[in-house]
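All heavy atoms count here, side chains included; hydrogens, waters and symmetry mates do not. Note that ligands are numbered from 1 as they come in the structure, with each ligand's atoms numbered from 1 the same way.
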Amino acid sequence: MIAGAGPAGSAAAALLAGAGWRVVVVDRATFPRDKACSEYMSPEAVRLLDRLGVVPDLEAAGAVALEGTTVVGARGSRLTGLFQEASPAPFRPAGLSLPRRILDARLVEAARDAGAEVREATKVEALLHDQGAIAGVMVRGPDGRHAPIRARLTIGADGIGSIVARRLGRRRRALPRRVAFVAHLRGVSGMGRTAEMHVGTDGYVGLNRIGTDLYNVALVVPQAQAAGARGDPGGFFFRRLETFPGVQGRIQRSHLAREVLVTGPFASRASRVTSAGALLIGDAADFFDPFTGQGIYSALRGAELATEVAAGALEDPGIPSASALAHYRVLRRRAFAGKWAVERLIAYGMWMPSLFDRAVSRLGARPTMAHALIGVTGDFVPARRVLNPRFLTRMML
Ligand SMILES: Cc1cc2nc3c(=O)[nH]c(=O)nc-3n(C[C@H](O)[C@H](O)[C@H](O)COP(=O)(O)OP(=O)(O)OC[C@H]3O[C@@H](n4cnc5c(N)ncnc54)[C@H](O)[C@@H]3O)c2cc1C
């Protein structure tokens, strides 16, 4: 059984059901539903969606081609990294942007099409145990009744506040503690074919086109500051946007197309991602910071890795032991260690605005390096291309 039908849970459900396993996936939400997200996907995330067969439908639903990212520093420095200029070449020249409302509902449909049973408006409230192993979950269904779902394998894909992760072990909270405010707006002026990240002295703003005259605007600030939004998140959001010089005057409150969603604080990871009978994928396993826009990719790739290990472990009868699932941890480290390091390099770099500005301005003057960095955050260029003394020295000097 799978707890959570976001990108991680739906992808895992589609892959396991497609391989012939009986899968039940539950989500407390009813789809389509909104999700606070910048709705940016790299070409590599699109490659994973392509494996699930959903890309033509997403394009038909109005997904926008995304060519890369422009980063603007607090003192006006600027770099533009383009996916198709990076080496090695990406799966396709552009990523995609579209509302999560459309993406996630299409992934749920892919899980159903593959044969998974998807139960919506069904909340996981507790885990079931059998001789020390996880043996399924207790859910509360749409009628308010509690019912057990017994399973040989329980996959926790229930996002950043994951109940499965909390029952498996301690959640490790990490710095930076940030909170995000995300809205959809019309009429954002001056947008090109890249997403924009505007970094300030204590927070950042992401702008991303997600449809014809529809834009995602995300403000990320330290948790301490977000307290000022209590009672009027919209007012706080629009006031703070105006403090970013590159955003000033481009966004009108009257053009709001979807209310401001608030989420956070983030930066937490599970102390254990596997245990007898259970494993964690997507944000339930770890989520650091949205700046690099890699969460959906990680959710989909984590689902691939987990289902690879799960399918092997389920060949033997009974609940898989902790050691039968342990290889998942190794695969995760191999797949994500570079990403974890780059995410932290960027997030901690933002704490030193003058240093950050210097790096952005150096990379802006050296487009090949800027393309390489965007390729790394786009998950198709190996992280070692930027995590090496030569790149880091040239970025600063
Ligand atoms: C501000 C912000 C901007 C972001 N921007 C980007 C971006 O541009 N690009 C990108 O790739 N990533 C981005 N991310 C990250 C991305 O949103 C996540 O990494 C991604 O959604 C993870 O997918 P998931 O399936 O693990 O979790 P989720 O998408 O959170 O799905 C979890 C599902 O579990 C369900 N659930 C939760 N608890 C229960 C329960 N107890 N019982 C049943 N169901 C439950 C929820 O309803 C939800 O549907 C951003 C994140 C934030 C916060």
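With Asp286 as the partner, the salt bridge (charged side-chain N to carboxylate O under 4.0 Å, His left out) test is satisfied by one option alone out of Arg329, Arg269, Arg332: Arg332.
A cation-pi arrangement, defined by a distance under 6.0 Å to the six-membered ring centre and an angle within 45 degrees of its axis, is absent between Arg333 and Trp340.
The protein heavy atom nearest to atom 12 (N) of ligand 1 is Gly295 N, 3.3 Å. Given atom 5 (N) of ligand 1, the protein heavy atom at minimum distance is Ser38 N, 2.9 Å. For atom 30 (O) of ligand 1, the closest heavy atom belonging to the protein is Lys35 CE, 3.4 Å. Among protein heavy atoms, atom 51 (C) of ligand 1 sits closest to Phe287 CZ, 3.6 Å. For atom 14 (N) of ligand 1, the closest non-hydrogen atom of the protein is Cys37 SG, 3.8 Å. Among protein heavy atoms, the minimum distance from atom 11 (O) of ligand 1 is reached at Ile296 N, 2.7 Å. Scanning the protein for heavy atoms near atom 49 (O) of ligand 1, the closest one is Asp27 OD2, 2.6 Å. Of all protein heavy atoms, the one closest to atom 31 (O) of ligand 1 is Gly6 CA, 3.5 Å.
The option with the heavy atom closest to atom 21 (O) of ligand 1, from among Arg33, Arg100, Lys123, Arg178, is Arg100. Here atom 38 (N) of ligand 1 lies nearest to Arg28 when heavy atoms of Arg28, Glu120, Glu125 are compared.
Checked against a 3.5 angstrom limit, the closest N/O atoms of Pro7 and ligand 1 fall inside it. At least one N/O-N/O distance between Val124 and ligand 1 falls below 3.5 Å. Checked against a 3.5 angstrom limit, the closest N/O atoms of Gly9 and ligand 1 fall outside it. Inclusion of Ala8 in the set of residues having an N or O under 3.5 Å from an N or O of ligand 1 is warranted. For ligand 1, one of its N or O atoms has an N or O atom of Asp283 under 3.5 Å away.
In this structure, Arg145 contributes its side chain and Arg140 its backbone to no donor-acceptor pair below 3.5 Å. In this structure, the side chain of Arg250 engages the main chain of Ser189 through a donor-acceptor pair within 3.5 Å.
Distances shorter than 4.0 angstrom occur between a heavy atom of Ala36 and an atom of ligand 1. Every heavy atom of Met41 sits 4.0 Å or more from the atoms of ligand 1. In this structure, Ala3 does not count as a contact residue of ligand 1, since none of its heavy atoms falls inside 4.0 Å of the ligand.
With no hydrogens or angles considered, a side-chain donor-acceptor pair links Arg240 and Thr243 at under 3.5 Å. Asp289 and Tyr348 share no side-chain donor-acceptor pair at under 3.5 Å. Side chains of Asp202 and Trp351: no donor on one and acceptor on the other come within 3.5 Å. A donor and an acceptor atom, one from each side chain of Asp379 and Gln294, are located under 3.5 Å apart.
Residue-ligand proximity, Gly159 to ligand 1, at heavy-atom distances under 4.0 Å covers atoms 27 (O), 30 (O), 32 (C).
Contact annotation for Ile160 and ligand 1: no heavy atom of the residue comes within less than 4.0 Å of the ligand. Contacts between Ala157 and ligand 1 below 4.0 angstrom, taking non-hydrogen atoms only, involve the backbone exclusively.
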query = Run the side chain to side chain donor-acceptor pair (under 3.5 Å) check on Glu308 and His327 step by step: do they pass?
reply = CA-CA 10 Å; Glu308 205 177 299; His327 190 53; over 6 Å; no

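With sequence neighbours excluded, the residues forming a salt bridge (charged side-chain N to carboxylate O under 4.0 Å, His left out) with Arg112 are Glu120, listed by chain and number. The ring-ring contact (aromatic ring centres under 6.0 Å, His included) check on Phe83 picks up nothing, with sequence neighbours excluded.
Between atom CZ of residue Arg186 and atom CG of residue Leu214 there is a gap of 5.0 Å, rounded to the nearest 0.5 Å.
For the residue pair Ala310 and Leu153, the shortest heavy atom distance occurs at CB-CD2, 3.4 Å.
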